[in-house]
2 protein chains.
Amino acid sequence: MFKGQVTIKDIAKELGISPSTVSKALKGHRDISLSTKQSVRDLVEKWHYKPDPIALSLKSGLTKIIGVIVPEIVHYFFSTVISGIEDLAYDSGYHVMFCQSNESYEREVKAVETLLSSRVDGILVSVTKVTSDFNHFRKIQENGIPLVFFDRISSEIDTDRVVVDDEVGAFDAVKHLINIGCKNIVHLAGPQNLQIGKSRKDGYVRALKYFNQPINNQNIISCDTREEARIVVPELMKREKRPDGIFAVNDLTAVEAMNMIKECGFKVPEDVSVVGFTSGMISDITTPTLSSVEQHGYLIGREAVKLLIDRIEKKHNLPSQTIVIKTEMVVKGSSKSARSI
Amino acid sequence: MFKGQVTIKDIAKELGISPSTVSKALKGHRDISLSTKQSVRDLVEKWHYKPDPIALSLKSGLTKIIGVIVPEIVHYFFSTVISGIEDLAYDSGYHVMFCQSNESYEREVKAVETLLSSRVDGILVSVTKVTSDFNHFRKIQENGIPLVFFDRISSEIDTDRVVVDDEVGAFDAVKHLINIGCKNIVHLAGPQNLQIGKSRKDGYVRALKYFNQPINNQNIISCDTREEARIVVPELMKREKRPDGIFAVNDLTAVEAMNMIKECGFKVPEDVSVVGFTSGMISDITTPTLSSVEQHGYLIGREAVKLLIDRIEKKHNLPSQTIVIKTEMVVKGSSKSARSI
DNA sequence: ATTAGCATTTCAAACGTTTGCGGAACTATA
DNA sequence: TATAGTTCCGCAAACGTTTGAAATGCTAAT
């Protein structure tokens, strides 16, 4: 019909009125007569006029785009969160722009710059494992752009956050292992510069204390990837006092731990019970299925977007909030031991 | 320093020159003297001026945004593709906007509308399992927006495509099963309205023919989800003539098939060899690890973006191309049978 | 007949950038 | 001393939309 898209000008020309009249008619402005409004609406309908978001953005200074930075997309937990972000954002009239940092500090910094120069209305971040300098996040705030952290947060930046109750989740996981009779529980821990790594370890320690089990530093081992598990777990199984329970900081590590245990000639859960953290699809796929702590990633995504949009639209002016999503211990095959109650 | 962002006007005012001079200086226009250029560049540097993409879009009619529609994000193959899309798009100066259709036709239509009204420069789509009407894709083309299909394509729409060589991949998988001695291979097939479902079945059939094995329609069963596998596979194992090989249309189905086989008291791969399609992370996690056909999702993503950007930037005007990405049979634990050569 | 009041519409500026054209100031040639 | 050429810069319009202010045409009251 026209080159590209129908504009408000085309409508105006056709109807022999001015663009401003059309604009006001569409907004239901009381200045405009009913008959004019009707004819504008009719033509809009007929020509499938859609306002140009770019012109709107230029006027309003808002893009209706939310930027998201995640360490990886190819990752069950993060893709679940993204799914939640996407769903609520679209329902609220926002679009979503993704960047993955690939667990690299440089790429994270670049992603921030990219999103800022795209003039997004707000930014959602889960930081990389290696980030220890947070100035790029400060820059976001200096630009007046709302910022919400989820899951992997930084405690140095004062902003809204959505986190999982990692400490309680870990406590519950270890409590479960103790309940089914484990006496020598090892924790495969995440990086301690990250809040989640620290909290999960804290929960582990608190559970042992609470149930009067000895805390052995040798039982807290830094190991949060499959590659590390491949090395660490066989050594564990060679110990004089073999572990009878393993609480891993994430599912992938837990799964590899299970595989290593089996390779060393032991059985899961009969000889060693294993519990992971995330409870995604992979926990259903393994043999045995993996007991794990469900993090409700989809919900985390939704809550994070909700917080962010509230800030963008200045629905309130409260100090920074932190929303804690409850975890849930999901018992599956890797910890239903014969020793269970 | 200024409200929000530094604009070309701020620079102009500070330097006592006009905005157009600043613009031309930044573009290296020969009209502008070296000294002016230098002072502009200095101030740009000092004030961290970044051109406003929105104003640029309004002028050029281009957004430098690519829209992507995938059935699901929480899915190993698709998140791999997305990862490839993201990487190359950003390197080429484009941003990426995602929509997931959640395998729903209505959501797919809505996603198309959303992206069109966002004025994206091009769209990448992998269609849902249930889409049989393709008019929403025609609308994209009518708007003059380049469109590239990947993996799950529609043959009704004439456009660029990036697909996996499903037929050959399936042929290779079945060839492998035959090579290790399988005589009664079942195919758990995908929906036949989808090209990939059809091609993989075709490859299965061709391989049997090629190696002079009988083709039995009872051995081609529609089953492409874990839920279906849970029902279908136990029935298979009760057959008089038990299958000794299973070629599943995707990994998740293959994994569930393995689990069912084990639940029925048989062993993988000793009694039944299993081969899947996708070869993602999950194929390493299961016990035994799953032999599967690698699809190179990351590469698919990159190729699709490359095709799209070529169209957007009108680098050529060739008729629609179809790029075929070679698959690769990855032999792991679920098919290294004792009968193997 | 003048004016106030009202309903309806248009004008013009703005958002930040680009770009063809015209113009000023200068130098060089005839 | 004109004239032509060169170098450098600003003007204004354009992209599509919004919005306060100004203008138009009308009716009704004085």
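Just so it is clear, the values below take in all heavy atoms, side chains as well, and ignore hydrogens, waters and symmetry mates. These numbers were taken from a predicted model, which means no experiment stands behind them. Naming convention: chains lettered A, B, ... in sequence-line order (proteins, then strands); numbering from 1 in each chain.
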Measure from NZ on A/K9 to P on C/dT10 and round the result to the nearest Å.
15 Å
Nearest heavy-atom pair of B/G28 and B/K37: which atoms, and what distance?
O-NZ, 3.7 Å
Using the closest heavy atom to pick a nucleotide of DNA chain D for each, name whichever of A/S23 or B/P19 lands nearer the 5' end.
B/P19
If the plane angle is over 60° it's perpendicular, under 30° parallel, otherwise tilted; pick one for A/H75 and A/F78.
tilted
Surrounding NZ of B/K314 (heavy atoms of other residues, nucleotides or ligands, distance under 6.0 Å), is the total greater than 12?
no
Evaluate the ring pair (Phe, Tyr, Trp, His ring centres under 6.0 Å) criterion for residues A/H136 and A/Y105: first the C-alpha distance (whole Å), next the side-chain angles of each, then the deciding distance (0.1 Å), finally the verdict.
CA-CA 10 Å; A/H136 49 308; A/Y105 168 73; 5.5 Å; yes
Starting at atom CD1 of A/I11, determine the distance to atom P of D/dG16, rounded to an integer number of angstrom.
13 Å
Protein-nucleotide distance (A/K59, atom NZ; D/dC15, atom C1'), rounded to Å:
13 Å
From CD1 of A/I54 across to P of D/dT18 the rounded distance in Å is 14 Å
B/D52 atom CG is separated from C/dC15 atom P, nearest whole Å, by 12 Å
Return yes if some donor-acceptor pair links the side-chain N/O of A/D121 with the main-chain N/O of A/T63 below 3.5 Å, else return no.
yes
What are the atom names and distances for every N/O pair under 3.5 Å that joins the protein to nucleotides 4-9 of chain D?
from: D/dC9; atom 1: OP1; to: B/T36; atom 2: OG1; distance (Å): 2.6
from: D/dC9; atom 1: OP2; to: B/S33; atom 2: N; distance (Å): 2.9
from: D/dC9; atom 1: OP2; to: B/S33; atom 2: OG; distance (Å): 3.2
from: D/dC9; atom 1: OP2; to: B/T36; atom 2: OG1; distance (Å): 3.1
from: D/dC9; atom 1: N4; to: B/D31; atom 2: OD2; distance (Å): 2.7

If you compare every side-chain N and O of B/K27 against the phosphate oxygens of C/dT18 (OP1, OP2), does one of them come in below 4.0 Å?
yes
Rounded to whole Å, the CG-C1' distance (B/L62 to D/dG16) equals 15 Å
How would you list all residue pairs meeting salt bridge (Lys or Arg N to Asp or Glu O under 4.0 Å) that involve residues 62-88 of chain A, not counting sequence neighbours?
A/K64-A/E313, A/D87-B/R107
Measure CG/A/L58 against P/D/dA14 and give the value in whole Å, please.
17 Å
To the side chain of B/S20, which of D/dC15, C/dT19, C/dT17 is closest?
C/dT19
Atom OH of A/Y49 and atom C1' of D/dT17 are separated, to the nearest Å, by 7 Å
Establish, yes or no, whether a centroid distance under 6.0 Å links the rings of B/F137 and B/F149.
yes
